[in-house]
Protein chains: 2
Amino acid sequence: MGHGLGEIALALGATIGDHTTHTKGKFGVLLEHALGAAGGSGAVHDFPELGVELKTIPVDTRGKPAESTYVCTLHLLSAEALVWETSWVKQKLSRVLFVSVDAEPADWRERLVRGVHYWEPDAEAWATLRADFEEAVGLVTTGRIEALNARLGQVLQVRPKAKDGKKTLLVPDAEGTLIATVPRGFYLRPAFTTEILQRYR
Amino acid sequence: MGHGLGEIALALGATIGDHTTHTKGKFGVLLEHALGAAGGSGAVHDFPELGVELKTIPVDTRGKPAESTYVCTLHLLSAEALVWETSWVKQKLSRVLFVSVDAEPADWRERLVRGVHYWEPDAEAWATLRADFEEAVGLVTTGRIEALNARLGQVLQVRPKAKDGKKTLLVPDAEGTLIATVPRGFYLRPAFTTEILQRYR
DNA sequence: CAGGATCCAATTGTGGATCCGG
DNA sequence: CCGGATCCACAATTGGATCCTG
């Protein structure tokens with residue numbers, strides 16, 4: 001907390017380069033290393049023994065996130081992934097450690113870690129998340145995936161996640177005809193993460 | 001309810017002209033006549049015997065107001081007007097009859113009256129309104145009127161109300177020097193009137 | 001390709017300016 | 001000038017697109 005990203009990178013011997021932009025997911029990976037998380041793509045949790053997910057979340061000077069937070073990919077091929085109880089969304093959001101980091105300044109080395117927020121959804125949050133999840137997945141399983149867009153969902157939304165918006169996925173539409181569609185992911189809306197960062201120290 | 005503005009204007013023998021724009025406050029006046037309100041500038045209430053204020057509020061196709069709602073002028077010269085208990089804001093908002101009207105279509109004659117909503121603020125609404133009022137008036141009475149802008153106020157805000165933004169009013173600043181400033185009015189934010197229209201039939 | 005996220009053009013929201021009638 | 005409100009340019013938000021690493 002209060003440590004600069006440059007300092008952390010130095011201590012780890014990590015290299016990031018000077019670019020102010022195109023750094024995208026690099027800080028997330030950096031902090032995973034810094035905190036000794038498992039890393040690696042397939043792992044369900046960053047800290048498998050604890051079942052805890054680590055999220056790096058950039059905030060403005062008032063501690064507020066400007067952007068939505070990625071949760072996981074929407075997997076269309078696995079039946080389990082489309083059922084709330086066994087879904088990846090539910091597993092990942094059960095226990096989350098949010099580490100908030102400055103979105104500014106341009107020189108990323110001077111950005112400071114602003115806070116650490118351990119969150120477990122309360123009953124109300126679970127209900128809203130579940131409703132959002134089931135609304136989105138409902139469209140998929142009834143073949144109406146083209147009606148699925150980022151306007152749905154109070155707190156959890158679904159957005160495209162593919163280079164050039166390329167439709168690289170085949171799914172059946174309402175008539176059972178296979179159509180090409182774009183890969184998508186689940187995201188938490190900024191208004192929701194703002195409230196989490198405020199309410200959970 | 002469900003009556004068109006053209007129909008109402010015809011029944012009253014009122015003339016409004018064909019313009020789609022520059023009609024601004026004309027419908028408010030039209031509906032005051034239609035409902036037999038007192039009219040005339042000085043009157044505190046539209047229905048003096050009932051102490052009820054009439055507000056015409058344009059809504060989109062989902063019944064939601066796009067604009068803020070004018071309450072009254074911020075009078076800087078009257079001590080009574082600057083005290084919540086005796087203020088015009090409090091008097092006017094005690095009992096309000098909102099008449100919602102289509103904001104569309106371009107031909108105003110086809111716009112329909114969408115609903116009638118009788119509102120008296122509950123305890124929570126009163127507390128918020130009072131806090132917003134006292135924050136704004138506090139700036140005025142301590143000579144910091146130039147710090148007063150439309151960003152203040154959860155539900156009740158203060159905005160300029162003058163042709164060409166002309167500073168035609170003299171008020172003392174923090175040092176007691178008279179400075180020119182713009183006339184202002186109190187307005188209800190759209191998020192607040194949206195909730196009122198939903199909760200009060 | 002999945003996981004780490006941010007970028008940015010387009011849409012939405014709204015603060016300050018403006019319009020009309022009496 | 002006051003009461004009836006709306007207009008609209010610019011700020012804030014965000015949906016869809018994109019970028020990098022292992």
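Hydrogens, waters and symmetry mates are skipped; everything else that's a heavy atom, side chains included, is used.
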Quickly work out the Leu76(A) CG to dA2(C) P distance and round it to whole Å. 10 Å

Taking ring-ring contact (aromatic ring centres under 6.0 Å, His included) as the cut-off, I'd like each qualifying pair that reaches into residues 158-184 of chain A, sequence neighbours left out, listed once. none

Ignoring hydrogens and geometry, is there a side-chain-to-backbone donor-acceptor pair from His117(B) to Phe98(B) under 3.5 Å? no

Is there any side-chain hydrogen bond (donor to acceptor under 3.5 Å, both in side chains) pair reaching into residues 144-154 of chain B, and which pairs are they, with sequence neighbours excluded? Thr142(B)-Arg144(B), Glu146(B)-Thr181(B)

Measure CG/Leu31(B) against C1'/dT6(D) and give the value in whole Å, please. 15 Å

dA5(D) C1' sits how many Å from Asp46(B) CG, rounded? 13 Å

Under the salt bridge (charged side-chain N to carboxylate O under 4.0 Å, His left out) rule, collect the residues that match up with Lys64(B), sequence neighbours excluded. none

Roughly how far, to the nearest 0.5 Å, is the CZ atom of Phe192(A) from the CG atom of Asp132(A)? 9.0 Å

In whole angstrom, give the distance that lies between atom NZ of Lys166(B) and atom C1' of dC1(D). 14 Å

Would you jot down, in residue-number order, the residues of residues 51-65 of chain B having a non-hydrogen atom under 4.0 Å from DNA chain D? Glu53(B), Lys55(B), Thr56(B), Pro58(B)

Reported CD-to-CG distance for the pair Glu124(B) and Leu129(B), which is rounded to 0.5 angstrom: 10.5 Å

Once ring pair (Phe, Tyr, Trp, His ring centres under 6.0 Å) is applied, do any residues pair with Phe133(A), and if so which ones, sequence neighbours excluded? Trp84(A), Phe186(A)

Counting only side-chain N and O atoms of Lys161(B), is one of them less than 4.0 Å from OP1 or OP2 of dG15(C)? no

Over its full length, what angle do the end axes of the helix from dC1(C)-dG22(D) to dG22(C)-dC1(D) make, each axis taken from five pairs and the result rounded to 10 degrees? 50°

Polar pairs (N or O, both sides) under 3.5 Å between protein and nucleotides 14-16 of chain D?
residue : atom : partner   : partner atom : Å
dG15(D) : OP2  : Ala150(A) : O            : 3.2
dG15(D) : OP2  : Gln157(A) : NE2          : 2.5
dG15(D) : OP2  : Arg189(A) : NH1          : 2.9
dG15(D) : O3'  : Arg151(A) : NH1          : 3.3
dG16(D) : OP2  : Ala150(A) : N            : 2.9
dG16(D) : N7   : Arg159(A) : NE           : 2.6
dG16(D) : O6   : Arg159(A) : NH2          : 2.4

Give one of base, sugar-phosphate or nothing for Ala103(A), where a contact means two heavy atoms less than 4.0 Å apart. nothing

From CG of Asp102(B) across to P of dT6(D) the rounded distance in Å is 12 Å

5'-most contact on DNA chain C: Lys163(B) or Gly28(A), nearest heavy atom basis? Gly28(A)

Quick check on Leu178(B): does its CG atom have over 12 non-hydrogen neighbours (other residues, nucleotides or ligands) under 6.0 Å away? yes

Sorted by number, the residues of residues 128-147 of chain B with heavy-atom contact under 4.0 Å to DNA chain D: none

CD of Glu32(A) versus P of dG22(D): gap in Å, rounded? 12 Å

Main-chain N/O of Tyr187(B) paired to Gln157(B) side chain as donor or acceptor, under 3.5 Å: no

Under the side-chain hydrogen bond (donor to acceptor under 3.5 Å, both in side chains) rule, collect the residues that match up with Gln91(B), sequence neighbours excluded. none

Separation of atom NE2 in His33(B) from atom C1' in dC20(C), rounded to whole Å: 14 Å

Tell me which pairs pass salt bridge (charged side-chain N to carboxylate O under 4.0 Å, His left out) where either residue lies in residues 93-106 of chain B, with sequence neighbours left out. Asp102(B)-Arg114(B)

Under the ring pair (Phe, Tyr, Trp, His ring centres under 6.0 Å) test, which residues partner His75(B), sequence neighbours left out? Trp88(B)

Is Tyr70(A) near enough to dT6(C) that one of its side-chain N or O atoms lies under 4.0 angstrom from OP1 or OP2? no

Rounded to whole Å, the CG-C1' distance (Leu188(B) to dT6(D)) equals 16 Å

Looking at Arg109(A), Arg111(A), Glu110(A), which hits side-chain contact (heavy atoms from CB on, under 4.5 Å) with Leu5(A)? Arg111(A)

Output all residues satisfying side-chain hydrogen bond (donor to acceptor under 3.5 Å, both in side chains) with Glu80(B), sequence neighbours left out; order by chain, then residue number. none

